[in-house]
> 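First the structure, then my questions, so here it is.
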Amino acid sequence: MALFQRPHAPHRPLSRGHLIIACLLLMALALSACASSNAGGASSSEPIRIGFSITETGPQSAPAKFDLQGYQLGAEAINAQGGLLGRKVQLVYYDDQGSASTAVQLYQRLITTDKVDLLVGPYQTDLTSAIAPLVTRYKMAMPAMAANLEPFSGRYPYLVQSITQTPRYMIPVIDLAATKGYKTLALLIQDTAFPRELAQGIKQEAAARDIRVVFEATYPADTNDFTALVLKAGAAKPDMIIGATYLADAEGIIRAARASNVNAKLFAFSIGPVEPEFGSALGSAANGILGTTLWFPTLKTAGNAEFVKNFRARFGRDPDYHAAMAYATMQALAAAVKMAGSLDQTKIRDAYLKLDLQTVAGEFKLNSLGQQLGYQSYVLQWQNGRQELVWPPEVATSTVQLPHPNW
């Protein structure tokens, strides 16, 4: 108050007008200091909160938990490097149970009730598509591990794709098959968003390689008995049986093929063989099966060896590609926020579009629509109870073993 006292009358009380002026000046100073401390989030002691939903329970929980652990390790790495904008980061997440409607409710809660500072996406394209209008309405920049292109077609400009595009997933499998001279294909497709778009990519690449689809069938996501489907596929005598699948149905198709003695020179599936549970569930039946992966522990990508080491130490198991892609998503998030220099969502979205970042999963690079251009895919095979990278040859850890032996 001394600043507002008359210099020659130190004991004279301030007039009411002077008191009002003094109070207003103090309030202005306080508001200015508060605004300064929050600008860019650099001086606040509160953590930057990163919100998402994840499928901790339900049929897709096994790969989704790898996503969660990748996010967790990524957040810990950010904090170990000093956080973002001078603040630590904190994850806020809920179990969406694989339900699109639940995911919408949870992201509404994260944005409006929890008031998180940043978002990352859930597991599965279906869930990302469901929450995309909500994220767009609130103009929240969100990197999403949704491989399908539709959410990133310009309709939802605050979404950016942090995983390989769906149509590219199984191109290496078709390329490998072509080098073996395989000419016919039976295609089994789970009737959900990711497998449907994946199947289109498989058929386009097969046509480009003069490989004919001699059998094609779509089945509901809750299918448990694949016997009839596999017998029909086998009756077409294809060189290859390829599944646009998740984990449970990939396992179910293999069990049915083995039980019914349906053979092919090559069996390959999308999500399924990449999971460690695939080998433990099928035992020796897993050997010889091909799968696509977007990452592998032996790749010489930036920081990959350290990531694998830290993941094993933190969670007591090896990461899969879901964990690596989630970790890379956190790497991209950190880079975008640092480039933006604040938590302004439009600036962060624009920063994502400008990134050309080397991550544990490879190069993170987007086009103007937010579609992923940098990441690629690889082929793995189960051999002697373990996964080996078999294609392309320049990164392979083992030679591919084909044709698949008869059951």
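None of these values were measured; they are calculated from a predicted model. All values below were derived from every heavy atom in this structure, side-chain atoms included, with hydrogens, water molecules and symmetry-related copies excluded.
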> Taking the basic N atoms (NZ, or NE/NH1/NH2) and the acidic carboxylate oxygens, is any pair closer than 4.0 Å for Lys88 and Glu46?
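Here Lys88 does not pair with Glu46 in a salt bridge, since their nearest N and O are not under 4.0 Å apart.
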> Taking only residues at least two apart or on different chains, which pairs with a member in residues 55-82 satisfy side-chain hydrogen bond (donor to acceptor under 3.5 Å, both in side chains)?
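Every pair satisfying side-chain hydrogen bond (donor to acceptor under 3.5 Å, both in side chains) with a residue in residues 55-82: Thr55-Asp96, Thr57-Asp95, Gln69-Arg317, Gln72-Tyr93, Glu76-Arg314.
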> For Ala285, what residues pass the side-chain contact (heavy atoms from CB on, under 4.5 Å) criterion, not counting sequence neighbours?
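side-chain contact (heavy atoms from CB on, under 4.5 Å) list for Ala285, sorted by chain: Ile254, Arg258, Leu282, Trp407.
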> If you apply the rule ring pair (Phe, Tyr, Trp, His ring centres under 6.0 Å), what do you find for Tyr169 with Phe194, and how did you get there?
CA-CA 10 Å; Tyr169 259 61; Phe194 167 74; 5.0 Å; yes
> Taking the six-membered ring for Trp and the full ring for Phe, Tyr or His, determine whether the centres of Tyr219 and Phe226 are under 6.0 Å apart.
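Centroid distance Tyr219-Phe226: below 6.0 Å, so yes.
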> Going through the distances and angles, do Thr359 and Tyr375 end up as a side-chain hydrogen bond (donor to acceptor under 3.5 Å, both in side chains)?
CA-CA 10 Å; Thr359 74; Tyr375 293 147; 3.2 Å; yes
> Check whether any side-chain N or O of Asn304 sits under 3.5 Å from a backbone N or O of Pro297 as a donor-acceptor pair, and report yes or no.
yes
> Output all residues satisfying side-chain contact (heavy atoms from CB on, under 4.5 Å) with Asn287, sequence neighbours left out; order by chain, then residue number.
Ser284, Trp382
> Does any N or O in the side chain of Gln190 come within less than 3.5 Å of the main-chain N or O of Thr192, such that one atom is a donor and the other an acceptor?
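Not confirmed, Gln190 side chain does not pair with Thr192 backbone.
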> Under the side-chain contact (heavy atoms from CB on, under 4.5 Å) test, which residues partner Ala281, sequence neighbours left out?
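Partners of Ala281 by the side-chain contact (heavy atoms from CB on, under 4.5 Å) criterion, ordered by chain and then number, come out as Glu251, Arg255.
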> Can any side-chain N or O of Thr301 pair as donor or acceptor with the backbone N or O of Val360 at less than 3.5 Å?
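Confirmed, Thr301 side chain pairs with Val360 backbone.
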> Restricting to side-chain contact (heavy atoms from CB on, under 4.5 Å), what partner residues turn up for Asp222, sequence neighbours left out?
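Expected list: Pro220.
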> Sequence neighbours left out, cut at 3.5 Å: what donor-acceptor pairs do the side chains of residues 265-278 make with other protein atoms?
| residue | atom | partner | partner atom | Å |
| --- | --- | --- | --- | --- |
| Ser270 | OG | Thr245 | N | 2.8 |
| Ser270 | OG | Thr245 | O | 2.7 |
| Glu275 | OE2 | His322 | ND1 | 2.9 |

> Under a 4.0 Å threshold between the charged nitrogen and the carboxylate oxygen, would Asp318 count as salt-bridged to Arg312?
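Counted as a salt bridge, because a side-chain N and a carboxylate O are separated by less than 4.0 Å.
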> Any Lys/Arg nitrogen of Arg168 or Glu205 sitting under 4.0 Å from an Asp/Glu carboxylate oxygen of the other?
no
> Below 6.0 angstrom between ring centroids: does that apply to Phe307 and Tyr327?
yes
> At their closest point, which heavy atom of Lys183 faces which heavy atom of Arg209, and how far apart are they?
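That would be NZ-O, 4.2 Å.
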> Measure across Phe215 and Ala236 and return the closest heavy-atom pair with its distance rounded to 0.1 Å.
CB-CB, 4.0 Å
> Do Tyr138 and Thr112 pair up side chain to side chain, a donor and an acceptor below 3.5 Å, judged on atom types alone?
no
> Take Asp225 and Thr227 through the side-chain hydrogen bond (donor to acceptor under 3.5 Å, both in side chains) test and state the conclusion after the steps.
CA-CA 6 Å; Asp225 187 351; Thr227 303; 2.8 Å; yes
